[in-house]
K.L.:
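Once you've had a glance at the structure underneath, I'll fire off some questions.
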2 protein chains.
Amino acid sequence: MSHEDFELAGFTPYLLNQAAEAQSLVFSKIYKDRYGMLRTEWRVLFHLGRYGEMTAKEISESAMIHKTKISRAVRDLEVKRFLAREVIETDRRVERLTLRPPGKDAFDYLVRAAADYEDRLAARLGSGEAQLLKRLLKKLG
Amino acid sequence: MSHEDFELAGFTPYLLNQAAEAQSLVFSKIYKDRYGMLRTEWRVLFHLGRYGEMTAKEISESAMIHKTKISRAVRDLEVKRFLAREVIETDRRVERLTLRPPGKDAFDYLVRAAADYEDRLAARLGSGEAQLLKRLLKKLG
DNA sequence: GCTTGTTAGTTACAAACTTAACTATCAACA
DNA sequence: TGTTGATAGTTAAGTTTGTAACTAACAAGC
């Protein structure tokens, strides 16, 4: 490909970023406006709601998010009374994290919103193309 | 979809983010390590290299990047001697931005690297799927 | 028990981004 | 000419992120 022909609009990392930003804007607006949450908080909340009690390290590894971001998200979710921490007696370095009722409510609401969002996207792209897109994205992640 | 079945791994905004981060990591490492540039600087450099002289506002609109980010990127590219600014006499609020030789060299190198990157990605996905992916991403951006 | 090394999580500092003023210039028009 | 409003670009304040230390607790070997 010659220099003169190269366009950002045909460069995959650029297109990925544009699409990711555009799409995450739609969904992040929901947890931001309704609960004042940041993206890492949503991911932590999701893990606890979906998989039950976990430690910060387990979430960090499962979500591939650095432990300092997890630490701050846990602190902010605790301030919101969305989760409870309890030191594990057999290893006092570790905390067991669980959702409290307000956190569970938020989780329920947001999972429903996420599923709705996904449905609308599938309707917009056609379910064949939506599945195809996800398959391709998984290859790149 | 029921609550228990919902997985981040099937949520398109999540997959988009993961893929975008993973891919942009590969390419951003190049302009970061070699030239100490940030993403906005790369995009500004690209616009000037690809389209010739432009004003900050024109780049801002074309790249859909906020003017404060452009302002700082231009400042940092000027410190690197990658571009020159020249006030336009007919409207002294506006600056004409042009690449200097070191900036041109960086542009040439990075465009080549980007094209190589794109080729490798196409080889990895197969050129049919790579084209398909780009088409789908454009729909979402 | 006393090192030495490792691990879970937090804190501190700097870099980067967001948003909202702000400065300088221009254009329109009374 | 002088006032009013718009525009290009910068600066400033607050927020979020990234990286590197740091604390507290554990584990293994002596």
Side-chain angles (χ1 to χ4, degrees), chain A residues 17-18 20-22 24-25 27-29 31-33 35-45 47-48 53-80 83-98, chain B residues 17-18 20-22 24-26 28-29 31-33 35-45 47-48 53-80 83-98:
Chain A
N17 260 306
Q18 294 296 112
E21 264 174 42
S24 103
L25 212 69
F27 185 68
S28 72
K29 188 168 172 19
Y31 56 68
K32 200 170 177 188
D33 288 356
Y35 302 110
M37 286 167 63
L38 300 175
R39 193 155 56 105
T40 308
E41 289 176 75
W42 148 245
R43 291 211 187 157
V44 168
L45 183 85
H47 273 80
L48 294 174
E53 55 187 40
M54 295 180 81
T55 70
K57 178 167 179 37
E58 286 167 351
I59 298 172
S60 169
E61 282 169 356
S62 166
M64 291 186 300
I65 297 174
H66 196 274
K67 60 181 182 174
T68 61
K69 280 175 86 169
I70 300 289
S71 172
R72 288 189 269 246
V74 167
R75 182 222 328 140
D76 295 339
L77 288 169
E78 192 189 23
V79 167
K80 293 182 178 73
L83 62 75
R85 335 158 75 129
E86 184 195 0
V87 171
I88 296 179
E89 277 311 316
T90 56
D91 184 346
R92 298 171 41 70
R93 288 171 302 183
V94 184
E95 285 176 344
R96 187 191 332 277
L97 305 172
T98 52
Chain B
N17 260 307
Q18 294 296 113
E21 265 175 42
S24 103
L25 212 68
V26 178
S28 72
K29 188 168 175 17
Y31 56 69
K32 203 171 175 185
D33 287 356
Y35 302 109
M37 288 168 60
L38 300 175
R39 191 154 58 104
T40 306
E41 289 175 75
W42 148 244
R43 291 211 187 156
V44 169
L45 183 84
H47 273 80
L48 293 175
E53 56 187 40
M54 295 180 79
T55 70
K57 178 167 180 40
E58 285 166 352
I59 298 173
S60 169
E61 281 169 357
S62 165
M64 291 183 300
I65 298 174
H66 195 274
K67 61 180 179 175
T68 61
K69 281 174 85 170
I70 300 288
S71 172
R72 285 188 271 253
V74 167
R75 179 201 56 198
D76 294 341
L77 287 170
E78 191 189 23
V79 167
K80 293 182 178 76
L83 62 75
R85 334 158 79 132
E86 184 196 359
V87 172
I88 296 181
E89 277 310 316
T90 56
D91 183 346
R92 299 172 38 72
R93 291 169 302 182
V94 184
E95 285 175 345
R96 187 190 333 273
L97 305 172
T98 51

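Side chains are part of it too, since the values below use all heavy atoms of this structure and drop only hydrogens, waters and symmetry mates. Numbers restart at 1 for each chain; the letters A, B, ... are given by sequence-line order, proteins then strands.
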K.L.:
Going by side-chain hydrogen bond (donor to acceptor under 3.5 Å, both in side chains), Glu41(B) matches just one of Arg75(B), Lys32(B), Lys80(B), Lys69(B). Which one?
P.N.:
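Testing Glu41(B) for a side-chain hydrogen bond (donor to acceptor under 3.5 Å, both in side chains) against Arg75(B), Lys32(B), Lys80(B), Lys69(B) leaves exactly one candidate, Lys80(B).
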K.L.:
Let's see if you get this right: which residues in residues 55-65 of chain A place a heavy atom under 4.0 Å from DNA chain D?
P.N.:
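Hits under 4.0 Å, by residue number: none.
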K.L.:
Return yes if the base of dT10(C) and the side-chain atoms of Arg85(A) contain a donor-acceptor N/O pair under 3.5 Å, otherwise no.
P.N.:
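Not at all, since no donor on one side and acceptor on the other fall under 3.5 Å apart.
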K.L.:
For the pair made of CE in Met37(A) and P in dT15(D), what is the distance, rounded to whole Å?
P.N.:
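For the pair Met37(A) CE and dT15(D) P, the rounded distance is 19 Å.
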K.L.:
Does Glu58(A) offer a backbone N or O that forms a donor-acceptor pair with the side chain of Ser62(A) under 3.5 Å?
P.N.:
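Such a contact is absent between Ser62(A) side chain and Glu58(A) backbone.
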K.L.:
By the 4.0 Å heavy-atom rule, please label Ile70(A) as base, sugar-phosphate, or nothing.
P.N.:
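Nothing, no heavy atom under 4.0 Å.
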K.L.:
Between Thr40(A) and Ile88(A), just flag the one whose closest nucleotide in DNA chain D comes earlier from the 5' side.
P.N.:
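This one resolves to Thr40(A).
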K.L.:
Side chain of Ser60(B), backbone of Ile65(B): donor and acceptor closer than 3.5 Å?
P.N.:
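Judged by distance alone, yes, a pair lies under 3.5 Å.
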K.L.:
What nucleotide, of dT19(C), dG9(D), dG9(C), holds the atom closest to the side chain of Glu95(B)?
P.N.:
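That would be dG9(D).
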K.L.:
Measure the acute angle between the ring planes of Phe27(A) and Trp42(A), then classify it against the limits of 30° and 60° as parallel, tilted or perpendicular.
P.N.:
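Phe27(A) vs Trp42(A) ring planes: perpendicular.
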K.L.:
Does any N or O in the side chain of Ser28(A) come within less than 3.5 Å of the main-chain N or O of Ser24(A), such that one atom is a donor and the other an acceptor?
P.N.:
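Yes; at least one donor-acceptor contact below 3.5 Å.
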K.L.:
Given atom NZ of Lys32(A) and atom P of dC17(C), what is their separation to the nearest angstrom?
P.N.:
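Distance, rounded to whole Å: 15 Å.
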K.L.:
Hey, what are the protein-to-nucleotides 21-25 of chain C N/O distances that come in under 3.5 Å?
P.N.:
unit_1	atom_1	unit_2	atom_2	d
dT25(C)	O2	Arg93(B)	NH1	3.3

K.L.:
Are any of the side-chain heavy atoms of Asn17(A) and Arg39(B) separated by less than 4.5 Å?
P.N.:
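In contact.
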K.L.:
Side chain of Arg72(B) only, please: which of dG18(D), dT18(C), dC17(C) is the nearest?
P.N.:
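In terms of side-chain proximity for Arg72(B), the closest of dG18(D), dT18(C), dC17(C) is dT18(C).
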K.L.:
Is any side-chain heavy atom of Glu53(B) closer than 4.5 Å to one of Glu86(B)?
P.N.:
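Result no, sub-4.5 Å side-chain heavy-atom pair not found.
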K.L.:
Would you call Leu77(B) and Met37(B) a side-chain contact if the rule is heavy atoms closer than 4.5 Å?
P.N.:
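When only atoms from C-beta onward are counted, Met37(B) and Leu77(B) do touch, with a gap below 4.5 Å.
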K.L.:
Looking at Ser71(A), I'd like to know whether one of its side-chain N or O atoms comes within less than 4.0 Å of OP1 or OP2 on dT10(C).
P.N.:
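Yes.
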K.L.:
From the list dG9(C), dG18(D), dT11(D), which nucleotide is the closest neighbour of the side chain of Lys69(A)?
P.N.:
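Of dG9(C), dG18(D), dT11(D), dG18(D) is nearest to the side chain of Lys69(A).
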